[in-house]
Amino acid sequence: MKKSFLSYVCTFYVISLVIVFSYALTATALNSDEIRNHLGTRTPYRFKSNKDDSKINFPNCKDSKIWMVARHGTRLPSVKDIVAISTILKDLRVDILLRNRSGKGPLNKEKLQWFENWSNGIPLEQENYLTLEGQDEMILLAERMQKRFPNAIKNKYNNETFMFRYTATQRAQQSAKYFTIGLFDKKNSQQVFFEPALKVDTTLRFYKHCDRWQKQVKRNPDTYKEVALFGQSKEMNDTLLSVSKRLGLDKALTLEQVVLMYRVCGYETSWHKYTKSPWCFGFDEKSIKVLEYYEDLKKYWVDGYGHTQQAACMVMRNMFDTMSKSGRNATFLFSHSGTVLKLLTHLELYKPDSHLKGDAMDENRPWRTSDIDCFASNIAFVLFKCKDGDKILTLHQEKVVKLPMCEKKLCPLNELKKQFHNTIHNCNFTDLCSIN
Ligand SMILES: *[C@@H]1O[C@H](CO)[C@@H](O)[C@H](O)[C@H]1NC(C)=O
Ligand SMILES: *[C@@H]1O[C@H](CO)[C@@H](O)[C@H](O)[C@H]1NC(C)=O
Ligand SMILES: *[C@@H]1O[C@H](CO)[C@@H](O)[C@H](O)[C@H]1NC(C)=O
Ligand SMILES: *[C@@H]1O[C@H](CO)[C@@H](O)[C@H](O)[C@H]1NC(C)=O
Ligand SMILES: *[C@@H]1O[C@H](CO)[C@@H](O)[C@H](O)[C@H]1NC(C)=O
Ligand SMILES: *[C@@H]1O[C@H](CO)[C@@H](O)[C@H](O)[C@H]1NC(C)=O
């Protein structure tokens, strides 16, 4: 009796220990998740992709055509960011190490070593170039899509069924190239014909040359009202202080400095699967969410529901053209964040109940660039030929999504055409984009 009581106590003790340990382990694992799930538009696709690549079947239906638009994969920073990194962050690194040497820093030995080892030397000529991670993202995305829809996406190249287009940028062009390497073998992929990139592409990058959008949205100071408000809020000021404190600095960092740190934390996490970015050490879950909201807010007003984004009909119309008899069986377009977000808006996906504002964080917003606009973000429409007619399946980030205007996930093509009547029949770039 006594012995068994003792063994009870021992068992209880062991179980408690196991619980405590596994809690500790989960807590550290969660810690990095807390950061990596809030990196905004610089989130690498490996955190978001759908690893389940099993064939997608519907009874009495056959996958027959696909149209897909993708944001380019993980890239290097723009010239502006490269310059800021090699000045602002370079100086901050020195400050952080100095504070430690004077015995005042809160960072542990390991974290300080990451700062000690950090260097940057991105050549300006390589601004915005696709990275190795970006190449991998495209190869793997292509492989999985082909496994899901093997009839629509054949593994043998044929120039009459496939269509590949990209914008006139290195990152989109290279994304297209590595995508085709994922679809076909090395030899086959060298024969792929790519449509010549257009300097003014009113389909793939409709907004760039849309004068009305440029004037009314992009260059309109009102667009940035809410972002500016949030940038000046108490919540943001508290965040700037907490980031400074976490890095051991004795004065508050500026918004510009912390936004730059946030961006570089995202970039470096994307580029390197197995090493850490010391610039992430400034953030905890609470503060990184504030920076994430700051970015979501900006994208919301520039590329999302803050405005109507009518010109997105240009790219959507291309989808409907492709699904008609004369369209190619497999169309792949390589473009940018601005295109993906405006198309999502045109599709009425991830729409918050009310406008995102700068006076308070909307914690439960469906509009989260970390999820919907990471590197290599993609939207695909797949035509299923069914016994009872043609139907369209929509995927975002390789996951099936239900369009709000359609009752079912597998939406009858005729129903979709009805819902997008204006997109198909009243989408005239000149009319939508001229200033009058
Ligand atoms: C293209 O799709 C059409 C209709 O779905 C089909 O009849 C044709 O065989 C396909 N072509 C190729 C090369 O797969
Ligand atoms: C941090 O400070 C300690 C104590 O002064 C020093 O030994 C160590 O080398 C410093 N670490 C770095 C990375 O500067
Ligand atoms: C920093 O670099 C040194 C020398 O290359 C290396 O031994 C050490 O592991 C690195 N530390 C970190 C945290 O990367
Ligand atoms: C496909 O390739 C053939 C032979 O190389 C060529 O004659 C034809 O014009 C190409 N078609 C298209 C649509 O590019
Ligand atoms: C936040 O800081 C900025 C700049 O120092 C200041 O202008 C602003 O009034 C502060 N906001 C609040 C709510 O204290
Ligand atoms: C678009 O509208 C302009 C004038 O409003 C007209 O000249 C042009 O033909 C239209 N384009 C198309 C493709 O319908």
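The basis for the numbers below is simple: all heavy atoms, side chains too, and nothing from hydrogens, waters or symmetry mates. Just so it is clear, the model here is predicted, and its values are computed rather than measured.
- Both tests hold for K111 against F281: distance to the six-membered ring centre under 6.0 Å, angle to the ring axis within 45°.
- Between E110 and K276, at least one side-chain N (NZ, or NE/NH1/NH2) sits under 4.0 Å from a carboxylate O, which counts as a salt bridge.
- Geometric assessment of R93 against the ring of F115 yields a negative cation-pi assignment under the 6.0 Å and 45° thresholds.
- With a 6.0 Å radius and a threshold of 12 heavy atoms from other residues, nucleotides or ligands, K90 has its NZ atom at or below the threshold.
- Under a 4.0 Å N-O distance rule, the pair D362/K357 does not qualify as a salt bridge.
- Between the side chain of S175 and the main chain of G73, a donor-acceptor pair closer than 3.5 Å is present.
- In this structure a side-chain-to-backbone donor-acceptor pair under 3.5 Å is present from N378 to A376.
- With salt bridges taken as basic N to acidic carboxylate O contacts below 4.0 Å, one links R46 and E133.
- Salt-bridge formation is detected for the pair E398/R148: a Lys NZ or Arg NE/NH1/NH2 atom is positioned less than 4.0 Å from an Asp or Glu carboxylate oxygen.
- Of the candidates W118, Y267, Y262, W118 is the only one forming a ring-ring contact (aromatic ring centres under 6.0 Å, His included) with W279.
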Stepwise ring-ring contact (aromatic ring centres under 6.0 Å, His included) check, Y45 with F375: CA-CA 6 Å; Y45 193 56; F375 285 126; over 10 Å; no
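- Minimum heavy-atom separation, I379 to H396: CG1-CD2, 3.9 Å.
- Cation-pi geometry between K342 and W213 is met: the NZ or CZ atom falls under 6.0 Å from the ring centre, inside 45° of the normal.
- Minimum interatomic distance between N155 and Q146 (heavy atoms only, all atoms of both residues): CA-NE2, 3.2 Å.
- Using a cutoff of 4.0 Å between basic side-chain nitrogens and carboxylate oxygens, K273 and D136 are scored as salt-bridged.
- Using cut-offs of 30° and 60° on the angle between ring planes, the pair W301 and H355 is tilted.
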Pair F206-F429, ring-ring contact (aromatic ring centres under 6.0 Å, His included): steps then yes or no: CA-CA 8 Å; F206 48 86; F429 185 79; 8.4 Å; no
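- A distance-only check finds a donor-acceptor pair linking the side chain of T223 to the backbone of V217 [under 3.5 Å].
- Between E143 and K147, no side-chain nitrogen of the basic residue sits less than 4.0 Å from a carboxylate oxygen of the acidic one, so the salt-bridge criterion is not met.
- Checking side-chain atoms of R75 against main-chain N and O of L130 turns up no donor-acceptor pair under 3.5 Å.
- Ring geometry, F334 versus F164: the interplanar angle falls under 30°, so the pair is classed parallel (tilted spans 30 to 60°).
- To the nearest 0.5 Å, atom CG of residue L141 and atom CD of residue E137 are 9.0 Å apart.
- Of all the heavy atoms in K154 and N151, the pair that sits closest is NZ-O, 2.8 Å.
- Taking the six-membered ring where tryptophan is involved, the planes of Y305 and W367 are perpendicular, since the angle between them exceeds 60° and thus also 30°.
- More than 12 heavy atoms of other residues, nucleotides or ligands shown are found within 6.0 angstrom of NZ on K402.
- Between P77 and N128 the shortest side-chain heavy-atom distance does not fall below 4.5 Å.
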